[in-house]
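In what follows, a single structure is set out as structure tokens and then discussed.
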Amino acid sequence: MPELPEVETVARGLQAALPGRRILNVRLSKTDFIANPAEIERCLPGSRVSRVRRYGKFLVLDLDSSTATSQSPALLIHLGMTGRLILCRPEAPVAPHTHVFFALDDGRELRYTDIRRFGSMQFLPRGVNGSGLEKLGVDPLEVSELAFLSRLRGRRARIKALLLDQGVLRGIGNIYADEILWRARIHPMCLAANLKQDELLCLHRAMRDVLNEAIRLRGSSISDYVDAEGLPGTFQLRHRVYGREGKKCFSCGTPIRRAVVAGRSSYFCPRCQPALRAPARSRGKSRELSAPPKNQNRPKQHEHDGVPKPGGRAHARP
DNA sequence: CTTACGGCCTGGGTGC
DNA sequence: TGCACCCAGGCCGTAA
């Protein structure tokens, strides 16, 4: 499931190999995930890749930009859930569900494989301007604390829904939203408006830390993800909550729970990430940052769905 | 305007 | 052996 760190890893791999390469030939298999397959077949052969970059979860291949302006054509690719973009030799065995082949002038081949075809591909004749990319929010790794606060402060939506909203922040998906919230010790169901400024700043920091570490480890390989060389990432070995229902929290030992938040499976520690923030009545001391595993928790066992009711509906104000 | 929710795309895995 | 069904994530339309 390629999210920001995986797409960034693929983009870096392709950026190291593609600039200057000319596309000699395009071969398409299934095309129902391609916005304009005819244009791709007609316009791509002969064009040269000038740069590969990530924009949110999208890969942008800038083409023929001797001037490096945004007016030059580009190829926009979204890997969806199972998309792979791999550079290989033409004689390499073709993986099932490989739908696009780009023959390159260095003798290699760039292939797009996508089991589910939840990904997408689009040729942009005039570059990314007017492509819809401008509707996306800020990049999580570039946004300042101030801009981050202004995007989230006062919003009545669940914090997890906002992290996943590509119009707010571009690039975060379900896995990293959960990992970020665990690191920030914030329950996914919390309303953004109920978070204090220092909690939002903590979230900003956690977001940068988690994503940067994931990029360093070349992403998470949960199901199908591999980088441009076909190699898996290793950040899945560092997941603290995602996919760990029933397993012990790395911080306090409490079993990790799963609940549906914002329509997505969400994993969290019910103890480190309390749904109800303690009212800040005792001024003075800030809330403790380390969770002392004091009480022994009830014996493992299945927690019944157990979605702690967040304060959400409690203060429906007139 | 903001938020919530259901449905859709596809195919691998699971359980009967 | 076969088959129905669930689920994954992003996005969009609709409802409140």
Side-chain angles (χ1 to χ4, degrees), chain A residues 1-8 10 29-35 37 54-59 76-85 95-100 112-122 131-137 139-140 150-181 188-195 211 214 219-226 233 235-236 239 241-245 258-267 305 307 309-318:
Chain A
M1 345 204 143
E3 304 178 25
L4 186 153
E6 292 78 32
V7 180
E8 178 69 25
V10 172
S29 176
K30 289 191 177 177
T31 60
D32 56 354
F33 62 98
I34 303 177
R54 173 187 64 79
Y55 195 89
K57 298 181 196 176
F58 288 89
L59 283 162
L76 189 61
I77 300 173
H78 196 296
L79 299 177
M81 288 175 59
T82 53
R84 294 178 170 194
L85 205 49
H97 308 287
T98 300
H99 303 303
V100 182
Y112 180 76
T113 303
D114 192 348
I115 295 175
R116 306 266 163 89
R117 301 205 302 284
F118 281 14
S120 66
M121 191 175 293
Q122 183 178 15
S131 63
L133 247 42
E134 58 279 345
K135 294 146 89 107
L136 297 181
D139 191 285
S150 72
R151 291 232 156 209
L152 299 183
R153 200 158 36 194
R155 298 286 300 266
R156 302 283 305 162
R158 315 234 118 101
I159 188 62
K160 172 151 179 178
L162 292 173
L163 289 179
L164 291 174
D165 187 338
Q166 301 300 297
V168 176
L169 293 158
R170 59 177 195 255
I172 297 175
N174 200 38
I175 294 174
Y176 292 100
D178 281 1
E179 295 298 318
I180 289 165
L181 287 168
M189 270 196 178
C190 279
L191 303 190
N194 289 348
L195 294 173
L211 295 175
S220 304
S221 290
I222 293 291
S223 56
D224 295 274
Y225 165 73
V226 292
F235 189 72
Q236 70 279 6
H239 286 179
V241 284
Y242 186 83
R244 297 192 65 245
E245 181 179 20
R258 187 182 83 91
V260 174
V261 181
R264 293 281 167 267
S265 276
S266 300
Y267 302 88
D305 69 294
V307 190
K309 280 302 174 258
R313 73 135 82 19
H315 20 57
R317 50 179 104 288

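The chains referred to below are lettered A, B, ... by the order of the sequence lines, with proteins before strands, and numbering in each begins at 1.
We find that CD of A/Gln122 is positioned 15 Å from C1' of C/dC11, with the value rounded to whole Å. Atoms CD (A/Glu3) and P (C/dC11) sit 12 Å apart, rounded to a whole Å. Between A/Tyr267 atom OH and C/dG9 atom C1' the separation is 13 Å, expressed in whole Å. Atom CD in A/Gln166 sits about 16 Å away from atom P in B/dT3, given to the nearest Å. The CZ atom of A/Arg151 sits 16 Å away from the P atom of B/dC1 (whole-angstrom rounding). Rounded to whole Å, the distance from OH on A/Tyr176 to C1' on C/dA8 is 16 Å. Going from atom CG of A/Leu164 over to atom P of C/dG9 covers 10 Å, rounded to whole Å. Atom CG of A/Asn174 and atom C1' of C/dA8 are 9 Å apart (whole Å).
Within 4.0 Å of A/Gly263, counting heavy atoms only, lies no atom of the nucleic acid at all. Looking at heavy-atom distances under 4.0 Å, A/Thr82 makes no contact with the nucleic acid at all.
Nearest nucleotide to the side chain of A/Arg155, out of B/dT2, C/dC11, C/dA8: B/dT2. Considering only the side chain of A/Met81, C/dA8 comes nearest among C/dC11, B/dA4, C/dA8.
Each of A/Tyr176, A/Tyr225, A/Tyr242 was compared with A/Ser220 under the side chain to side chain donor-acceptor pair (under 3.5 Å) criterion, and only A/Tyr176 meets it.
Salt bridge absent: A/Lys30 and A/Asp114 never bring a charged side-chain N and a carboxylate O closer than 4.0 Å. Salt-bridge formation is detected for the pair A/Lys160/A/Asp178: a Lys NZ or Arg NE/NH1/NH2 atom is positioned less than 4.0 Å from an Asp or Glu carboxylate oxygen.
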Identify all pairs in which a protein N or O lies below 3.5 Å from an N or O of nucleotides 14-16 of chain C, and state each distance.
none

Which protein N or O atoms sit under 3.5 Å from an N or O of nucleotides 9-11 of chain B?
residue, atom, partner, partner atom, Å
B/dT10, O4', A/Arg116, O, 3.3
B/dG11, OP1, A/Arg117, NH1, 2.8

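Ring orientation note: the planes of A/Phe33 and A/His99 are tilted relative to one another, at an angle of 30° to 60°.
In this structure, A/Thr31 contributes its side chain and A/Pro37 its backbone to no donor-acceptor pair below 3.5 Å. For A/Glu179 (side chain) and A/Val241 (main-chain N/O), a donor-acceptor pair under 3.5 Å exists by modelled atom type. In terms of modelled atom types and a separation under 3.5 Å, the side chain of A/Gln236 and the main chain of A/Ser221 share a donor-acceptor contact. Of the possible polar contacts, none joining the A/Arg258 side chain to the A/Glu245 backbone as a donor-acceptor pair under 3.5 Å is found.
Listed pair A/Tyr242 / C/dA8 fails the phosphate criterion, with no side-chain N or O lying under 4.0 Å from OP1 or OP2.
Summary of the strand contacts: A/Ser265 and A/Leu136 both lie near DNA chain C, and taking for each the nucleotide with the nearest heavy atom, the more 5' one is attributed to A/Ser265.
When all heavy atoms of A/Leu164 and A/Asn174 are compared, the closest pair comes out as CD2-N, 3.6 Å.
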